[in-house]
Structures are given as C-alpha cells and as structure tokens.
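Here is the structure we will look at.
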Amino acid sequence: MIITIRSQVSSEERDQLMELLSQVTGRQRRTITTVIDEREVIVLDDSQIDAQASTAIKQQNAVERVVQVKTQYKLVSKVFKAERSSIMVGDTTGSQPVTIGGSAVAPVVIAGPCAVENREQLLTTAQAVKAAGAQILRGGAFKPRTSPYQFQGLGIEGLQLLREARQLTGLPVITEVMEPDMVETVAEYADILQIGSRNMQNFPLLFAVGRNRFHHPVMLKRGLSATIEEWLLAAEYIVAAGNPKVILCERGIRSFDPQTRNLLDLACVPILHELTHLPVIVDPSHGTGRRELVPTMSRAGIAAGADGLILEVHPDPNNALCDGRQSITPEQLQSIVYETQVMNQVFEGTTNRAWVA
Ligand code: PEP
Ligand code: MN
C-alpha cells in the first residue's frame, strides 16, 4: 500500500495516521516514509491488512490517495506509476544532459572500457566513444574482480581520469561504486552510480546510493543469478531510500552452458516494461562475454525494447587489463550506434515498437 500524504497535513493528523498504521501493521512489518515527486508517501506491505483497516486508513484526514500494490515491490511498480520514467543524466556536472527511458525517448548508447587503465587509454577511448555517437562514457575505477590477484582498478586516480574525460568530451560518466562508505566520493566524480551484479543485494550499499547527496541516478545491474522479482526489490530499496532515479541493467545470468559467459535474458526486457516504470538497459558485453556476438545481441536488445545499451570498448581489446575478450573496437561501436539509430527510426510510430506503452 502506498499512501500519499496531503501537502497541508497538520502534525496531529499525521500522528493519528501513524498511530492507526502501527495498530494495523504487525511487528514484523515496516512502514517506510519517503518523498516521491516532492510528495511525502508512506509505503507498507498490506498483504495482511483487512478491508476494514484499509477503509479506515483511506478515511484519515492526513491521506490524499491510497494505491494498493499487490506485489512485494511497490514504488517501482507500474501499478503505482503507469507512465515510463524518464531519467535525466548529467545535468548537474556541466556535461551534455542525456535522457534515459520514457516512451518517446530514443535508446541511448553507453560505452567505454571495462576498467580505466591509464590516462592515454581512457582519453583515447572517450574521444572514440564520442566520435562514434554514443552519449555516455563508462569506465570502472573500482573493479569487483573474481580473483584477488586480478587488476582491481585505479581507484581515486581512475575517478580523476574519468572527470578529465568528461571535461574533454562533454559526455556524462558512469562508474561503479562497491562500498557504502565510498558512495559520496564516487558521486563527486560520476553522473551515474553503477551497482555491479555482485552487489545487487548489498542492502547497505543500495541504501547509500539511494541517499547520495548529489541525487545522481543509479544503474542497478541484475545479480548473477537473481530473479526479476529479487532485482525489482533491490531497486525498491534504492527508491524507498529516497532516490527514484533507478535504471535497470540486464547483463546476463548464470547458465549451464559455457558457450557464452552468461545467458543474456532478453525476455526480461518486455517483462520488465510490463512490471515496472523504470528504464531498462541491455549489456551484451557481459551478457555474452564474446566480442563477435555483441553487434547481433545489441540489435536484439534494441528490438526487445531496451531503453539503451551499455558496451565495453577498448582501443586494443586483446591487450585490455579487464574483459578484453568481450570488448569491441571503436569501429564496431560506430556501427552499433548507427544501427541503433536506424532501428529506432524504423520502429518509431509503428506498431512494431511494441514496447511503447
Ligand atoms: C562491469 O560493468 O564491468 C561489471 C563488473 O559488470 P557486472 O557487475 O555486470 O559483472
Ligand atoms: Mn567488465
């Protein structure tokens, strides 16, 4: 249940509502108070609340509107907000603003190296990304690596280089943050905070990005073997913490077949568009692990209705310090950007663009 509070509410009216809610919700259930579109809302799991209690809540003076959402995730649900969310990126850092999501917005391409390796590699790639027509630069400064012996990223130095790349190209920047205590530092440099697959259910981290003081959007990657519902509940943590600007990223899930690094679950794209108003980005790089599959799966992602792609690009993929096998060249990126634009034009205004709600 999502209760929107009247804007002119008195403290007595609010207290009365809170008293009623504490009576009708059991001790195991929590109510969360947050602000959505500048309105105070109270969210609670109402699965155990009977019709009589529901009516009593609706009749409270403090209440403007009550929306009942049956799923466990509430704020990210389409039942709460029917229209697709559009998320503005890079409007506060002096970079070129970009909009992600919404039914009338063309898909965006985010591209860059898996890891920031050095100044020359990043700046060369950033210029190539810009020249190819991609709109956002990616680059990992803090890398969550499976083995402790692998390159872990340049850390703060990597963030400084990303800032320099943004100044040089005007492209907004996305980079991963791995721990709650680093959120504010990373947010000083980034335009979008990335939560990696391995951290999708790191709840203190989700809370921290939900509270980041710059109000930067968050791209939440799907966990290595997360269900869609677990993923949406992870997104709900960020929104409930006060940040509605969440972008979901499908990056493939664990499968039994070693032909690809992961199994890119493109069916999740139309499913998500049915369940949530949040934008959905597809990552064919991690989703396949193989450079030669990336152009085809990029087209497939756009055809499935993705609001954009995130692609790993390297000027010399075979010598990349991280994920070289799945990194495309700047030339390949250029043709993917072109194909994305063509596909968008083909689908625009036609019934084939089935994802437009
Ligand atoms: C990455 O984007 O480089 C990355 C580590 O991705 P994931 O969390 O999806 O593995
Ligand atoms: Mn990578």
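Just follow the structure's listing: the first ligand is 1, and inside any ligand the first atom is 1. Here the structure is a predicted model, which means the values were calculated and not measured.
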Margin query: Heavy atoms only: which of E176, K143, M178, Q326 lies closest to atom 3 (O) of ligand 1?
Written below: K143

Next item on the list: Give a yes-or-no answer on whether the side chains of D323 and H314 include a donor-acceptor pair shorter than 3.5 Å.
Entry: no

Check: Can you name the N/O/S atom of E312 that is nearest the Mn ion (ligand 2)?
Finding: OE2

Check: Does any N, O or S atom in C114 come within less than 2.8 Å of the Mn ion (ligand 2)?
Finding: yes

Check: Looking at Q8, R39, R6, which hits side-chain hydrogen bond (donor to acceptor under 3.5 Å, both in side chains) with E64?
Finding: R39

Note to self: Distance alone, cut at 3.5 Å: any donor-acceptor contact between the side chains of S47 and D45?
What the structure shows: yes

Notebook entry, point to check: With side chains defined as the heavy atoms from C-beta onward, is the minimum distance between I336 and L311 less than 4.5 Å?
Noted result: yes

Note to self: Need the atom name: nearest N/O/S atom of D323 to the Mn ion (ligand 2).
What the structure shows: OD2

Margin query: Give me the nearest non-hydrogen protein atom to atom 8 (O) of ligand 1 as residue plus atom name, then the distance to 0.1 Å.
Written below: S197 N, 2.8 Å

Next item on the list: Compute the shortest N/O to N/O distance between D283 and ligand 1 and return yes if it is under 3.5 Å, no if not.
Entry: no

Checklist line | Protein contact of atom 4 (C) of ligand 1 - nearest heavy atom, named by residue and atom, plus distance | finding: H286 NE2, 3.4 Å

Notebook entry, point to check: Contact between R222 and ligand 1, counting heavy atoms under 4.0 Å?
Noted result: no

Margin query: Quick check on R145: does its CZ atom have over 12 non-hydrogen neighbours (other residues, nucleotides or ligands) under 6.0 Å away?
Written below: yes

Next item on the list: Could you tell me whether ligand 1 has any atom less than 4.0 Å away from a heavy atom of G140?
Entry: no

Check: Among all protein non-hydrogen atoms, which one is nearest to atom 9 (O) of ligand 1, and what is the separation to 0.1 Å?
Finding: R251 NE, 2.7 Å

